Amino acid sequence: MDVMYLMNSLWTMLGAILVIFMIGGFILLEAGSTRMKNAGHVAGKTVFTFGLASLVFWALGYGFIFGSDTNFFVGMSDFFYSGELVKDSGLATTVFFVFQLAFAGISVTIALGGFAERAKFSAYVIFTILFGVLVYPVIAHWIWGGGWLAEHGKQDFAGSTVVHLTGAMAALAATILLKPRIGKYNKDGSANNLAGHNQVYTALAVLILWVGWFGFNAGSTVSVDGAFFGFVALNTNLAAAAGAVAATLISWVVLGKPDITTILNGALAGLVAITASCAFVDVWASVVIGFVAGVIVFYSTRFFEKKKIDDPIFALSVHGTAGIWGTLSTGLFATPELATVGKPGLLYGGGFEQLGVQIMGVATSGAYAFAVSFVILYIMKKVMGGIRVSEEEEIMGLDMSEHGNYGYPEQMLLEESNLCPVVETK
């Protein structure tokens, strides 16, 4: 068997493993960013929804994205993927399937971040299925499956639009329909800080995601030829670093102290932003892209809070706003040598053509993801008698109200006993 075929398959499989391991990062990110009474719920539902998304992708998602007999929206073959190998492919198609499955799972995980601390478990189940059939595959087909945006030369190497913006727009629809958590806003419109219970979890989550992103971006080369994955990894790391530094500096200047949450969001924003352009831009541009993302995410989080859009894990800013910037950045910085898809950016003599394609891709993909997700959730809300838990259940915490046990049983039972002390009688 061809050595290059085997090496490409091995490298891409490693990338898939790293991307799937990012689910662990999202568990810690969401758990650490929310309150203790919801920690077990966050962990369990994230594992479950990734499993459910995997089955949906196997049954329908892969065929909709990469199948033949395509229409405007999706492909129409290769459903219930059998594991058959395509002999003339550059790598094992089974490996490619697993790699793409991982991306679909990440996108829905981002989307479900908009449900945090207030949605019924049943809402996660139904939305995961419908998102995996009606939302993600359509946009992935448009850009990665040979659809109409691919025909226009839309540049999105590893998914700033396909994965991150799509998930963020679904999260936006969810936050709007679910409305803010109890206690988030006062009557005068001012916001309260419903701080997450474990900032160390959140920091560890960012580190796990940072490492996993080498699979996300560098793995998307799906090839070891010329070791180009090393260049992509370099751009990825520098953008994350620049994002963290920029977020630190802007929070320090504006708030008077470097804010830890902002630092962590800055690193993630840099990673999201470089995801579209990591294979298309020079190294210096990756630093600029990450730095700008770190500044943008700081102001974006404050914008959404002022608009009374309650986003506990900052999905809208980290994955949405930074995803938009990252996608547009290729229209500025893509070089003639690296632009294997589309055309060079504005700064390299390409004019406004590629930037226009990028704007069109962001607008249509974002609008589609938001509109379809909103309709799905609106119908679910009417049919299910609501997708949000009751006020009593929300105050109690989703660990107990949805699952009947706590993620931190000793700590939570101790707090309950302190609130309701046992009075001894003689």
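Owing to the predicted nature of the structure, the values given are computational and were not obtained by experimental measurement.
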Reported [atom1]-to-[atom2] distance for the pair [X] and [Y], which is rounded to 0.5 angstrom:
{"X": "Asp259", "Y": "Asn265", "atom1": "CG", "atom2": "CG", "answer": "8.5 Å"}
{"X": "Phe157", "Y": "Leu338", "atom1": "CZ", "atom2": "CG", "answer": "10.5 Å"}
{"X": "Leu234", "Y": "Cys278", "atom1": "CG", "atom2": "SG", "answer": "11.0 Å"}
{"X": "Ser329", "Y": "Trp325", "atom1": "OG", "atom2": "CH2", "answer": "5.5 Å"}
{"X": "Leu165", "Y": "Ser160", "atom1": "CG", "atom2": "OG", "answer": "9.0 Å"}
{"X": "Ile387", "Y": "Tyr378", "atom1": "CD1", "atom2": "OH", "answer": "11.5 Å"}

Tell me, yes or no, whether the heavy-atom count around [X] atom [atom1], taken from other residues, nucleotides or ligands under 6.0 Å, exceeds 12.
{"X": "Phe228", "atom1": "CZ", "value": "yes"}
{"X": "Lys120", "atom1": "NZ", "value": "yes"}
{"X": "Phe21", "atom1": "CZ", "value": "no"}
{"X": "Met7", "atom1": "CE", "value": "no"}

For residues [X] and [Y], determine if any side-chain heavy atom of one lies less than 4.5 Å from a side-chain heavy atom of the other.
{"X": "Phe73", "Y": "Phe64", "value": "no"}
{"X": "Leu14", "Y": "Leu10", "value": "no"}
{"X": "Ile110", "Y": "Phe26", "value": "yes"}
{"X": "Val98", "Y": "Thr94", "value": "no"}
{"X": "Leu398", "Y": "Glu393", "value": "no"}
{"X": "Thr321", "Y": "Phe304", "value": "yes"}
{"X": "Trp213", "Y": "Asn237", "value": "no"}
{"X": "Phe333", "Y": "Phe280", "value": "no"}

Are [X] and [Y] close enough that their ring centres sit under 6.0 Å apart?
{"X": "Tyr124", "Y": "His41", "value": "yes"}
{"X": "Phe57", "Y": "Tyr81", "value": "no"}
{"X": "Phe216", "Y": "Phe103", "value": "yes"}
{"X": "Tyr368", "Y": "Trp142", "value": "yes"}
{"X": "His319", "Y": "Phe314", "value": "no"}
{"X": "His141", "Y": "Phe66", "value": "no"}
{"X": "Phe229", "Y": "Phe214", "value": "no"}

What are the two closest heavy atoms between [X] and [Y], and how far apart are they?
{"X": "Ala170", "Y": "Leu377", "result": "O-CD1, 4.4 Å"}
{"X": "Gly75", "Y": "Thr70", "result": "CA-CG2, 3.7 Å"}
{"X": "Phe99", "Y": "Ala16", "result": "CD1-N, 3.6 Å"}
{"X": "Gly25", "Y": "Ala205", "result": "O-CB, 3.1 Å"}
{"X": "Glu151", "Y": "Gly146", "result": "OE2-O, 4.0 Å"}
{"X": "Ile289", "Y": "Ala273", "result": "CG2-CB, 3.8 Å"}

Sequence neighbours left out, what passes salt bridge (Lys or Arg N to Asp or Glu O under 4.0 Å) with Arg388? Give chain and number order. Glu394

Could you go through the side chain to side chain contact (heavy atoms under 4.5 Å, CB included) check for Ile20 and Phe50 one step at a time? CA-CA 9 Å; Ile20 291 172; Phe50 179 74; 3.9 Å; yes

[X] side chain to [Y] side chain, donor-acceptor N/O pair below 3.5 angstrom:
{"X": "Asp311", "Y": "Thr175", "result": "no"}
{"X": "Ser317", "Y": "Ser300", "result": "yes"}
{"X": "Thr330", "Y": "Ser277", "result": "no"}
{"X": "Thr236", "Y": "Trp210", "result": "no"}
{"X": "Trp144", "Y": "Asp156", "result": "no"}
{"X": "Ser68", "Y": "Ser77", "result": "yes"}
{"X": "Thr161", "Y": "Ser365", "result": "no"}

[X] (side chain) donor-acceptor with [Y] (main chain) under 3.5 angstrom:
{"X": "Ser107", "Y": "Ala104", "value": "no"}
{"X": "His197", "Y": "Ala31", "value": "yes"}
{"X": "Gln155", "Y": "Lys343", "value": "yes"}
{"X": "Ser373", "Y": "Phe370", "value": "no"}
{"X": "Asp310", "Y": "Arg181", "value": "yes"}
{"X": "Gln354", "Y": "Gly345", "value": "no"}

Should Thr128 and Val56 be marked as a side chain to side chain contact (heavy atoms under 4.5 Å, CB included) after you check the CA-CA gap, both sets of side-chain angles, and the distance that decides it? CA-CA 9 Å; Thr128 295; Val56 173; 5.6 Å; no

Carefully, step by step, assess Glu84 and Thr93 under the rule side-chain hydrogen bond (donor to acceptor under 3.5 Å, both in side chains). CA-CA 7 Å; Glu84 181 182 2; Thr93 45; over 6 Å; no

Please step through side chain to side chain contact (heavy atoms under 4.5 Å, CB included) for the pair Asn198 and Thr202, ending with a clear verdict. CA-CA 7 Å; Asn198 196 322; Thr202 311; 5.9 Å; no

Partner of Lys45 by side chain to side chain donor-acceptor pair (under 3.5 Å), out of Glu30, Glu402, His403: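 Going through the options one by one, the only one that passes is Glu30.
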
Could you check whether the rings of Trp148 and His152 sit parallel, tilted or perpendicular, using 30° and 60° as the cut-offs?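 It falls in the perpendicular class, over 60°.
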
What residue among Leu332, Asp282, Val281 forms side chain to side chain contact (heavy atoms under 4.5 Å, CB included) with Tyr348?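 With Tyr348 as partner, side chain to side chain contact (heavy atoms under 4.5 Å, CB included) holds for just one option, Asp282.
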
Of Val163, Ile106, Val108, which is the lone residue that meets side chain to side chain contact (heavy atoms under 4.5 Å, CB included) with Tyr136?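 Option passing the side chain to side chain contact (heavy atoms under 4.5 Å, CB included) with Tyr136: Val163.
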
Is any side-chain N of the basic residue among Lys37 and Asp399 closer than 4.0 Å to the acidic one's carboxylate O? no

Using side chain to side chain contact (heavy atoms under 4.5 Å, CB included), reason through Met4 and Asn8 one step at a time and then give a plain yes or no. CA-CA 6 Å; Met4 188 62 71; Asn8 290 345; 3.7 Å; yes

Is Arg302 close enough and on-axis enough to Phe298, meaning under 6.0 Å and within 45°, for cation-pi?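 Checked: cation-pi criterion met.
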
